[in-house]
**Student:** 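First the structure, then my questions, so here it is.
Model, not experiment: these values are computed from the prediction.
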Amino acid sequence: MALGLQLRRQVLAGLLLCLCVGRWAEAGKVLVAPMEGSHWLSMREVVRELHARGHQAVVLSPEINIHIKAEDFFTTKSYAIPYTQDQFDSIMKGRPDEVFERVHFLTRFWETMATLKNVSLFFARSCEALLYNKDLIRDLNASSFDVVLTDPVYPCGAVLAEYLSIPAVFFLRFLPCDLDAEGTACPNPFSYVPRLLTMNPDRMTFFQRVKNMLYPLGLKYICLVSLTPYERMASELLQREVSLGEILASGSVWLFRGDFVMDYPRPIMPNMVFIGGINCANRKPLSQVCTAAVVQSVLPVEHIIFFTKTTVQGVLLCTDLSGDFHLSFSSSPSVVRHIVKVPPGVQ
C-alpha cells in the first residue's frame with residue numbers, strides 16, 4: 001500500500017514538472033532564410049542538427065536556385081522570382097574564365113563593378129519578390145516562428161525578421177564595410193586588428209596601420225551599390241526611416257564561421273559566438289593516390305586553390321608539377337582547369 005502511494009506521488013510529481021516546464025521544453029519552429037550558393041551548404045548542416053534535436057525548420061527558397069533542394073529534415077516554402085532559369089544561370093555562374101584574361105587593371109575594375117551591380121540587382125529583386133509576397137508573409141505570420149536563422153551577407157533575412165518581429169540568429173563568416181562590428185556595437189580598433197585581405201601582420205608598422213585604416217574606404221562604394229536597396233525596402237515595410245546598421249543591431253546571436261586559429265584576435269561581444277570548422281562538417285577524405293601525390297609535392301607547391309564543381313573552375317599554381325599530382329587532382333571532386341607557373345618571388 002505504501003509502495004503504491006509512493007509511486008502515485010512520483011507520477012503526480014512528474015506530471016506537475018512536465019506541466020510547469022512543458023512550454024519551455026517544446027521543440028522550436030525555425031524559419032531559415034539562407035543565402036543562395038555555397039553559403040547554404042554550411043547552413044544546411046546547422047538545419048540538419050536542429051532537426052536531429054527535435055526542432056522544426058522551414059527553409060525559404062526562390063523557385064529557381066542552385067543548391068537549396070527539398071530534403072527530409074526541413075520543409076521548403078518557395079516563392080517566385082522575376083527571372084528565368086537561363087537568366088539565373090547567366091547571373092550566378094557568369095564567365096569563370098574571365099579571371100584569367102589579361103586585361104588592364106581599370107578594365108578589370110569596371111567589369112567587376114558591372115558584374116557586382118548585376119548580381120546585387122538580382123538579389124535585391126529576389127528579396128522584393130519575397131518581402132512583397134502578401135500571401136507568403138501572411139502565412140509566415142500565422143506560423144508563429146520562434147526564431148529566424150539567416151546569413152546577413154544577404155540582408156533580406158534580417159529585414160524579414162524585423163518585419164515579422166521575430167528574433168534573428170545570424171550565421172556568417174564576416175560582413176563587408178565592418179557592418180558586423182556596427183551591428184554588434186563591438187569595438188573595432190583599426191590600429192591593432194589587421195583588416196581582411198590587407199595582408200597586414202598583427203604587428204603593423206605605421207604605414208601598415210595607415211593602410212589598415214584606408215582600406216575599408218574602398219569598400220564603401222561596394223556596400224553602397226549592393227546594400228542600399230535593403231534599407232529602402234526595410235523603410236517601406238516598417239514605415240519609418242531605418243538604416244541597415246539598425247536592422248543588423250536587432251540580431252540576438254551572431255554565429256561566426258571562424259575562430260582565432262584562422263583569424264587574428266579581436267574584441268568580441270557576449271552575443272558573438274565563434275564556430276570555426278563548421279564549413280568542414282561534411283568533409284570527404286582524399287584517396288590514397290591523391291594523398292601520396294600531395295605528400296610528394298608539398299615542398300614545390302606554393303599555392304593551391306580549389307573550387308567546387310558548382311563553379312566548374314579550379315586553379316593550381318605550382319613551381320613544379322608532377323604528372324601523378326596532376327592526374328590525382330584532375331580526378332578529384334574539384335576540377336583542375338588551369339596550371340600556372342608562379343614566378344620567383346611571388347608570395
Side-chain angles (χ1 to χ4, degrees), residues 14-15 17-63 65-79 130 136 139-158 160-161 164-175 180 184 250-263 268-286 308-310 333-334:
L15 289 174
L17 181 63
C18 289
L19 289 173
C20 290
V21 304
R23 66 190 184 94
W24 285 282
E26 290 178 356
K29 297 182 68 176
V30 182
L31 179 61
V32 184
M35 169 76 174
E36 178 56 288
S38 60
H39 293 249
W40 161 246
L41 300 180
S42 297
M43 186 177 285
R44 182 176 60 184
E45 299 306 315
V46 176
V47 176
R48 191 194 304 274
E49 183 63 26
L50 288 172
H51 176 266
R53 298 190 182 195
H55 302 288
Q56 178 185 351
V58 176
V59 177
L60 295 172
S61 70
E63 291 179 347
N65 63 76
I66 298 177
H67 293 301
I68 308 174
K69 308 300 179 185
E71 299 195 50
D72 58 0
F73 54 90
F74 63 82
T75 304
T76 303
K77 285 187 180 294
S78 59
Y79 55 93
L130 168 61
L136 179 58
D139 184 33
L140 296 178
N141 259 321
S143 298
S144 302
F145 288 99
D146 299 299
V147 68
V148 173
L149 175 65
T150 186
D151 190 333
V153 75
Y154 177 45
C156 193
L160 178 65
L164 298 177
S165 300
I166 302 175
V169 173
F170 294 149
F171 180 83
L172 70 157
R173 177 66 181 89
F174 73 97
L175 289 180
D180 46 357
T184 55
S250 64
S252 300
V253 179
W254 294 64
L255 303 177
F256 285 89
R257 301 193 304 271
D259 52 40
F260 293 146
V261 174
M262 182 176 181
D263 302 317
I268 62 173
M269 299 299 278
N271 63 340
M272 297 168 65
V273 182
F274 290 84
I275 52 173
I278 195 169
N279 292 343
C280 304
N282 192 22
R283 58 189 179 273
K284 296 181 180 179
L286 295 173
T308 59
K309 271 187 174 180
T310 55
S334 296

**Student:** Quick one: closest heavy-atom pair of Pro34 and Tyr154, and the distance?
**Tutor:**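 So the two residues come closest at O-CD2, 3.8 Å.
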**Student:** Find out whether Val148 and Leu160 are in side-chain contact, i.e. whether some heavy atom of one side chain is under 4.5 Å from a heavy atom of the other.
**Tutor:**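 They are not in contact (no side-chain heavy atoms under 4.5 Å apart), so the answer is no.
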**Student:** Where is the tightest heavy-atom contact between Ser38 and His67, given as atom of each residue plus distance?
**Tutor:**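 The pair with the smallest heavy-atom distance is N-CD2, 4.0 Å.
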**Student:** Please work out which of the three classes, parallel, tilted or perpendicular, describes the rings of Phe256 and Phe274, given edges at 30° and 60°.
**Tutor:**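 Correct class here is parallel.
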**Student:** Using atom types as modelled and distance alone, determine if a side-chain donor or acceptor of Thr76 lies under 3.5 Å from a backbone N or O of Ala70.
**Tutor:**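 Not a single qualifying donor-acceptor pair exists.
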**Student:** With heavy-atom distances below 4.5 Å as the criterion, would you say the side chains of Val30 and Val169 are in contact?
**Tutor:**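 Side-chain contact under 4.5 Å: no.
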**Student:** Testing the basics here: between Ser42 and Arg257, what is the closest heavy-atom pair and its distance to 0.1 Å?
**Tutor:**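 Nearest pair, atom of Ser42 first, then Arg257: CB-CD, 4.0 Å.
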**Student:** With rounding to the nearest 0.5 angstrom, report the OG to CD1 distance, Ser144 to Ile166.
**Tutor:**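 It comes to 8.5 Å.
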**Student:** In Å, rounded to the nearest 0.5 Å, how long is the span from CG of Asp139 to NZ of Lys77?
**Tutor:**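 Going from CG on Asp139 over to NZ on Lys77, the span is 4.0 Å.
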**Student:** Do you know which two heavy atoms are closest between Gly258 and Arg173, and how far apart they sit?
**Tutor:**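 Shortest heavy-atom separation between Gly258 and Arg173 comes out as CA-NH1, 4.4 Å.
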**Student:** To the nearest 0.5 Å, how far apart are OG1 in Thr150 and NE2 in His39?
**Tutor:**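 Nearest 0.5 Å value for the OG1-NE2 distance: 11.5 Å.
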**Student:** Given 3.5 Å as the limit, does a donor-acceptor pair link the side chain of Asn271 with the main chain of Trp254, or not?
**Tutor:**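 Checking the backbone N and O of Trp254 against the side chain of Asn271, no donor-acceptor pair under 3.5 Å is found.
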**Student:** Do Val58 and Lys29 make a side-chain contact, defined as non-hydrogen atoms from C-beta onward lying under 4.5 Å apart?
**Tutor:**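 In short, these two side chains do not touch, never coming nearer than 4.5 Å.
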**Student:** Looking at every non-hydrogen atom in both residues, tell me the closest pair between Gly157 and Ala33 and how far apart they are.
**Tutor:**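 Closest approach of Gly157 to Ala33, heavy atoms only: CA-CB, 3.8 Å.
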**Student:** Look up atom CG in Asp180 and atom CZ in Phe170, then write down how far apart they are to the nearest 0.5 Å.
**Tutor:**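 Answer for the CG-CZ pair, Asp180 versus Phe170, is 11.0 Å.
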**Student:** Rounded at 0.5 Å granularity, tell me how far CZ in Arg44 sits from CD in Glu71.
**Tutor:**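 Arg44 CZ to Glu71 CD: 5.0 Å, rounded to 0.5 Å.
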**Student:** Looking at Val153, Val253, Val47, Val46, which one forms a side chain to side chain contact (heavy atoms under 4.5 Å, CB included) with Phe171?
**Tutor:**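 Of all the options given, the one that passes is Val46.
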**Student:** For residues Pro167 and Asp146, report the shortest heavy-atom separation together with the two atoms involved.
**Tutor:**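 Smallest interatomic distance, heavy atoms only, reads CD-O, 3.5 Å.
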**Student:** Could you measure the distance from the OG1 atom of Thr75 to the NE2 atom of His51? Nearest 0.5 Å is fine.
**Tutor:**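 Atom-to-atom, Thr75:OG1 and His51:NE2 are 8.5 Å apart.
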